[in-house]
Amino acid sequence: MSQQETAWCPGCGNFSILNTFEEAVKKAGIDRRNLVLVSGIGQAAKFPHYTEANLFNGLHGRALPAATGIKIANHTLNVVITSGDGDMYGEGGNHLLHAMRRNIGVKAFVHNNQVYGLTKGQASPTSEWGFHTKLQPEGVINAPMNPLAMGIIHDISLVARAYVGDREHLREMMVEFLSHEGGFALLDILQPCVSFNKLNTYQWYSERVQPIGSDHDPCDRQAALELAGQWEDTIPTGIIYRSEREPFESLLPALKEAPDGLCEKS
Amino acid sequence: MSQQETAWCPGCGNFSILNTFEEAVKKAGIDRRNLVLVSGIGQAAKFPHYTEANLFNGLHGRALPAATGIKIANHTLNVVITSGDGDMYGEGGNHLLHAMRRNIGVKAFVHNNQVYGLTKGQASPTSEWGFHTKLQPEGVINAPMNPLAMGIIHDISLVARAYVGDREHLREMMVEFLSHEGGFALLDILQPCVSFNKLNTYQWYSERVQPIGSDHDPCDRQAALELAGQWEDTIPTGIIYRSEREPFESLLPALKEAPDGLCEKS
Amino acid sequence: MDINVRIAGEAGQGIETAGEVLAQALADAGLYVFAAKSYMSRIRGGLNWYDIRISDQALFSGKENSDILLSLTAEGIKTLQGKAGSQAVVIADKATAENSSGCNCLDISGTAKTAGGSKIMANMVAAGVVFGMLPYDIEALSQQIRQAFDSKGEEMVKKNLKCAESGAELTKGLSDKLLFPQSGGADSFLCSGTEAVGMGALSAGVKFASAYPMTPATGVITYLAKHAREYGIVVEQAEDEIAAVNMVCGATFAGACALTATSGGGFALMAEGLSLSGMMELPVFIVLSQRPGPATGLPTRTAQQDLRFAVHGGHGEFPRAIFAPGTPEEAFKLTRKALATAHTFQSPAILMMDQFLADYVTNTAPLNTAYRPIDKQITTSPGEDYRRYKITENGVSPRAVPGGDALVKADSDEHDAEGHITENLSIRIEQHDKRMRKEKGIIEDSIAPMRYGPQDAQELIINWGSSYGPCREAVDTLNERGHGIAMLHFAQVWPLKTEEIKKAIQGDAPSWPELTCVEGNSTAQFAGLLKEQGIIDSRKPLLKYNGMPFTGIEIAEAIESD
Amino acid sequence: MDINVRIAGEAGQGIETAGEVLAQALADAGLYVFAAKSYMSRIRGGLNWYDIRISDQALFSGKENSDILLSLTAEGIKTLQGKAGSQAVVIADKATAENSSGCNCLDISGTAKTAGGSKIMANMVAAGVVFGMLPYDIEALSQQIRQAFDSKGEEMVKKNLKCAESGAELTKGLSDKLLFPQSGGADSFLCSGTEAVGMGALSAGVKFASAYPMTPATGVITYLAKHAREYGIVVEQAEDEIAAVNMVCGATFAGACALTATSGGGFALMAEGLSLSGMMELPVFIVLSQRPGPATGLPTRTAQQDLRFAVHGGHGEFPRAIFAPGTPEEAFKLTRKALATAHTFQSPAILMMDQFLADYVTNTAPLNTAYRPIDKQITTSPGEDYRRYKITENGVSPRAVPGGDALVKADSDEHDAEGHITENLSIRIEQHDKRMRKEKGIIEDSIAPMRYGPQDAQELIINWGSSYGPCREAVDTLNERGHGIAMLHFAQVWPLKTEEIKKAIQGDAPSWPELTCVEGNSTAQFAGLLKEQGIIDSRKPLLKYNGMPFTGIEIAEAIESD
Ligand SMILES: Cc1ncc(C[n+]2csc(CCOP(=O)(O)OP(=O)(O)O)c2C)c(N)n1
Ligand SMILES: Cc1ncc(C[n+]2csc(CCOP(=O)(O)OP(=O)(O)O)c2C)c(N)n1
Ligand code: SF4
Ligand code: SF4
Ligand SMILES: [Mg+2]
Ligand SMILES: [Mg+2]
């Protein structure tokens, strides 16, 4: 763990993500020198500072293109995004869409607290209908977006959801993602924000979150879409979708001929 | 029709769109003074200049936010986007996503020629796998995006596809869209580009395009998603999805109290 | 006669609430108040503080040192004790700072538990402690507390009142050595730049606002959202800043009075849209609230680093007007003025402020928030052969909006008078020249710099925007000490009335005065602009770019020791 | 002795192909060639033309008037006949312009049908017509045609050759009154700015390019894509310009040499990323190829309107280097230099060109395209306590990349030496000052302006970027006419070596020379910059902003008639 003091609120779901991440990195046997954590701006996006890895804490919304550039420049690196829902689904929405089209070999852990934490509690793209904030005093009237379904319809390698309240499961997911060697992998992590989201609390999530049964076949796209659409009474966690589509990097001739990446040091 | 000379190539699918549009405007009995055509930049985006209506020919990729601003400022206007696939799905991807969340009462006619025409033939977000261009000499390796499926999973008011080769059907769709009074309505129009897309030609489309059978229920989301996923052998045209979700404007208290819009002339 | 009170603690301890309650209570008691917050980019923890400078005369600046320092955390004492004057009273919460030397340890959190039932109410105990040390009627505080907690129910009001009262009782004798300003006379209305811009916009007829949250600009849009019902306006959180500015372009095209607000990073994303508004001649209004860059920089600190970006940003060439208010009151006026300018000249207008001006509050004469919409100058009789971009002498063409009798056409490409795309190069020149001609009108209509201090001063401070207050205090201080110094405050920084400004700089001085340009950046951006415009030739820049605002004292000292 | 040939027609008629084949054939014949295209923002129709100026001496500029005008459309005759000299030979296609007065009507499309079987080959007939009028061995043309159509099969080669030959036969006696330059001596390699930048980038070791298509910058990225296999590089079309620049930020962080290319509107979208590269100290390289704005403007025309935006764009303050080559050859060199500068100073570098320089071709000494990567100056032994942003005297810290022994940390927030986010205001100052100190090094390493013309000239033209050639021709013309005039070409426009430049302006002139600043914009942007830097005081700007490039003749005339 890092020397850096965290800037999170006591009780924040981000702590569980951090602690679980540390366990998962160990369990997956990841060499931290080879690990690059990429983030945008937000409370979640401060994550890379609190562990030990290479880090690129870029602009708000731009974690994905930065990660894409890093992965192309040196595809031997393990490139992992840890950032917020506003960052990845709001400001960064276009990059999400096109990273899905690319199926770039980057793993994204989205700390989805359904709110903008750092800027003090505005609605995020995943905020619920009717969620009240200072900027949405009449309640949110935009439909929450469905990033998991977007991943499925664009056939990315891995689509999953986890919840910070179920740390064992979260660790399992993280280990799988950290070790994953295919294309774009999106892990949406439900993360209560104790300061600004009084709706989607630990209790609220706990009452709804339910690991996906073993009968689900993640390669079944229709079934996956159905799962991704569930939210009201039960919120499924686990691997929702899995595809064999080749990652972007593996389709680039230049990378085949440069097994060590494009970054010769001269 | 307008005095403006068109800047399109002879044989381009855009002409059919224009001619059909003129018919549809008449058939739907649209008052052109109340019609605002919004576009970004591209060959398709020149469309508004070639008919008679108010027009906002804005920045590349930004038709949707401009249209959103227009619709909010004066929700009595009939706001219709006519723009290209690169414009709406590439540069403008984030706006598409969030316009879907808003379900803003704007109709978008996307001239989908699966290529960037105006900049001379690069791949667009809907270009096929393996499509060769000067910028993609090894062929496209990104998966084509699926805007219709995105519309369905975000529950927008109307999702449809048409093809310029079937003008009667296209007119029917346009009449429905021009008269539509609900939320966001997306009409993806397959439009051959005779100059830069030698793959998806009139013939190629004609062999695949097939109007949706009358047994399809556009309110059935699963069925709609399945249709939206079809592309290989048959490409379905017609109303794919329909939702009763209320449009963004109707949820804004200020607009209820200003039935003539927010633009009092002082 | 003034005194500076500083309350410090972690984010989440309610320091800001305590500060606001205190500041308003003091203003209600007729005191002049200058209250500013200093906070970190986090929600809990860290070290934030709230300064309340109190005086019997109008205040224009904060002070680096405090006369009373109260901290709820050990960190606050550690960091801020060095900035407490030698006569200062320093108060620590017993629970966190038992053995700090030079500190008075009071049982603040303990009192909160006893009096309020929870140490979360330590902030109101602190407010009570502070107020208890001051010689003003505590009823002013009680009333503020009642108001502040009214919405939380009678029970909460009572507990918090109890906390404040108990706090006040802890202070016996603590402040005996301090001298306090007399109360009476000050306007009780406290206003921040943020609120002033919001009020200005609402009163001027803004009906649509679209923005993406970004510190320190978020407050403006939140303010508008809060009053949306009342004024019948739509506030929409955009998916990004590009959407925000393009929505505003669309809305103004349709005829609404509209704005967006952002900080440097968001403004960067709006640069293309800014250029669009120049090309389409749309009255787009952007509030640019600065913070230190580059990139994410210091999100919650202050800076004046984006001036040149605002002047030259956006591709291609087009006129724009840029305002930079110096006080909340001026922010109110200039918001209205900027909107009027944008509409008169159908050109973008930018209002530049920063975290300092956005957040500090001070006594302000009541603002006229009545709905008095600016004249949007939309033609209601466009006529048969209406042409949106008709060539005119002053460059301004009649502006119609869609939905009326004429079709209105706007194009981001070069276009003809009707608004249709053209590649005719003579039309290009005609339209370009027409657009650029509007700059002359903007200049004529621009705000002359405001002089403060003697007309014949041989020393002159040049300032723009939020540093007005600190400079003004410095001028007073220096003149009291025998200097003959004046200042010129630029509330409009672009475009500039070159000759008039030269005259204003000279004033009645026998020769060209010695200039000091005070700016919150490291490259003397405004001085460079003045130099480029041929207005000044040499100057001593006085620059600050660590993220903190100037204070009057430091400016006076810097000039004096020069 | 030079002659200007102009071929005109609609987009889609193959005018550009004909022009390219002709230009190369003439270069092969040893002639000096300056060939430029003028085209509209459309794929078919409209009016495009291709100019080939031919000389027995090196050429640096185009000419407004043509000596031979051939148009395949009536529109071409209508629009361009006025710009044909009085002695000029004007040739129309019989099919389109039967009764134009002053025209020679040749049956061009008819011949195409007869000789090639389709009127689509009228362009090669036209090439033959033109070449037939010139006194050079037609084998040069045949050879070019063979090469151009090689990939389309023997049949096509034959048909096109037949067309050209038949075209040549139509021209008997037409050009008897014209004088032609003698062939021999010129480099046969024709190069455009676009190709030169591409070659420079590949030779310098660029391994990753990400861009979004935008005229006139698309060519650069297309060139790289074409040679991607050969040089083992990745070229990715980004979803937008924001993605493009952020990908380049990521790639350079990871250690690749990388670039993006765009025009004004895309650059506007990159402004935030530019600021990021300043903050993270990444060697980001942006090719900014200008066209007239604001907004979409005139997409296929030329301009020099984004200089100040490039200098001041991006929020906050950080150093950057901006280059502006004057010729394709210089574009090659400066691409390498810009990449080297970016890496040496870990700062963004921008190469400014425009449609004119991007597209024109001229004889160029062979460029050394061999793979000679610049020194990326990446440390391979970061050591135990590696700190990415270590404070150093010159501001440059040792740069390591991830994947090695040290962890590498980069933050868009203000950060400490290790790269961790900080809100410590003294560290802020340390890091800000460190970053800004690099500017000194960039200045020392910068390219001095290049003088052309007499050292003691009392008249001086100041130019930057692509107008170099036209200015140079003007200097020659004026000096032939008895002026004593020189020019100073700025190939680096930021930052500026103030004192050296002042000396360079004065040269050996007895007093400060009279200055004319030649710029492709309407506000004299570079002159303003020089003024702000205290380099010049007054100047006559010579401005052009209708979308067309300067010509030597017009500059000479403007200065002469002044
Ligand atoms: C261009 C730009 N716009 C806006 C911001 C301000 N901003 C910083 S973080 C943030 C939202 C963060 O929300 P999220 O990504 O959900 O992270 P959280 O704080 O909730 O973890 C915003 C709007 C910024 N830094 N840059
Ligand atoms: C910010 C910006 N980037 C790039 C461009 C260049 N550009 C103009 S049109 C276009 C693509 C057009 O493709 P599409 O929308 O599919 O329209 P089409 O020409 O195929 O009808 C591009 C990349 C631009 N004008 N602005
Ligand atoms: S604001 Fe919310 S998300 Fe951010 S640290 Fe606090 S609890 Fe966590
Ligand atoms: S380039 Fe393609 S899309 Fe554009 S006008 Fe020509 S055929 Fe139509
Ligand atoms: Mg969040
Ligand atoms: Mg297209």
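What you see below is based on every heavy atom in this structure, not just the backbone, and it leaves out hydrogens, waters and symmetry mates. Numbers restart at 1 for each chain; the letters A, B, ... are given by sequence-line order, proteins then strands. No experiment lies behind these values; they were computed from the predicted model shown.
Residues C:Ser412 and B:Ile41 have side chains in contact (heavy-atom distance under 4.5 Å, counting atoms from C-beta outward). Between B:Leu55 and C:His420, some side-chain heavy-atom pair lies under the 4.5 Å cut-off. Looking at B:His95 and C:Asp240, their side chains come closer than 4.5 Å, going by heavy atoms from C-beta outward.
Most heavy-atom pairs under 4.5 Å with chain B: of the set C:Asp405, C:Asp413, C:Val245, C:Ile421, this distinction falls to C:Ile421. The greatest number of non-hydrogen atom pairs below 4.5 Å with chain C, out of B:Leu37, B:Leu64, B:Ile72, is found for B:Ile72. Interface check for chain C: of the options B:Leu97, B:Leu59, B:Leu252, B:Thr76, the most heavy-atom pairs under 4.5 Å are formed by B:Leu59. Note on C:Ala410, C:Cys257, C:Gly255: by heavy-atom pairs under 4.5 Å with chain B, the leading option is C:Ala410. By number of non-hydrogen pairs under 4.5 angstrom with chain B, the leading residue of C:Cys249, C:Gly250, C:Ala238 is C:Gly250.
Within the 4.5 angstrom heavy-atom criterion, only backbone atoms of C:Ile233 (N, CA, C, O) approach chain B. Contact annotation for C:Ala406: only backbone heavy atoms (N, CA, C, O) come within less than 4.5 Å of a heavy atom of chain B. Residue B:Leu77 touches chain C through its side chain alone, counting heavy-atom pairs closer than 4.5 Å. Neither the backbone nor the side chain of C:Met279 comes within contact range of chain B; no heavy atoms are under 4.5 Å apart. If you measure heavy-atom distances from C:Glu230 to chain B, you find no contacts under 4.5 Å at all. Residue B:Ala258: no heavy atom, backbone or side chain, is found under 4.5 Å from chain C. Neither the backbone nor the side chain of C:Ala228 comes within less than 4.5 Å of any heavy atom in chain B. C:Val408 touches chain B through backbone and side chain together, each having a heavy atom under 4.5 Å away.
No more than 12 heavy atoms of other residues, nucleotides or ligands lie within 6.0 Å of NZ in B:Lys27, so this atom counts as exposed by the packing criterion.
Contact annotation for residues 148-158 of chain B against chain C (heavy-atom separation below 4.5 Å): no residues qualify.
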Show the numbers, then the answer: is there a side chain to side chain contact (heavy atoms under 4.5 Å, CB included) between B:Val38 and C:Phe253?
-> CA-CA 11 Å; B:Val38 184; C:Phe253 165 79; over 6 Å; no
From CA spacing to verdict: side chain to side chain contact (heavy atoms under 4.5 Å, CB included), B:Arg33, C:Leu407 = CA-CA 6 Å; B:Arg33 288 171 308 175; C:Leu407 295 184; 4.2 Å; yes
Determine, stepwise, if the pair B:His49 / C:Asp411 fulfils side chain to side chain contact (heavy atoms under 4.5 Å, CB included).
-> CA-CA 9 Å; B:His49 292 286; C:Asp411 192 1; 3.3 Å; yes
Test log, rule side chain to side chain contact (heavy atoms under 4.5 Å, CB included), inputs B:Glu52 and C:Lys409 | CA-CA 10 Å; B:Glu52 276 298 309; C:Lys409 299 170 182 186; 3.3 Å; yes
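C:Val234 approaches B:Ala254 most closely through the heavy-atom pair CG2-CB, 3.8 Å. Across all their heavy atoms, C:Ala254 and B:Cys263 have their closest contact at O-SG, 3.3 Å. The nearest pair of heavy atoms linking C:Met280 to B:Gly58 is CE-CA, 3.8 Å.
Between C:Glu239 and B:Arg101 there is no salt bridge, since no side-chain nitrogen of the basic residue lies less than 4.0 Å from a carboxylate oxygen of the acidic one.
Screening residues 55-74 of chain B for salt bridge (charged side-chain N to carboxylate O under 4.0 Å, His left out) gives B:Arg62-B:Glu91 as the qualifying pairs, with residues at least two apart or on separate chains.
Note: B:Gln4 CD to C:Glu418 CD = 6.5 Å, rounded to the nearest 0.5 Å.
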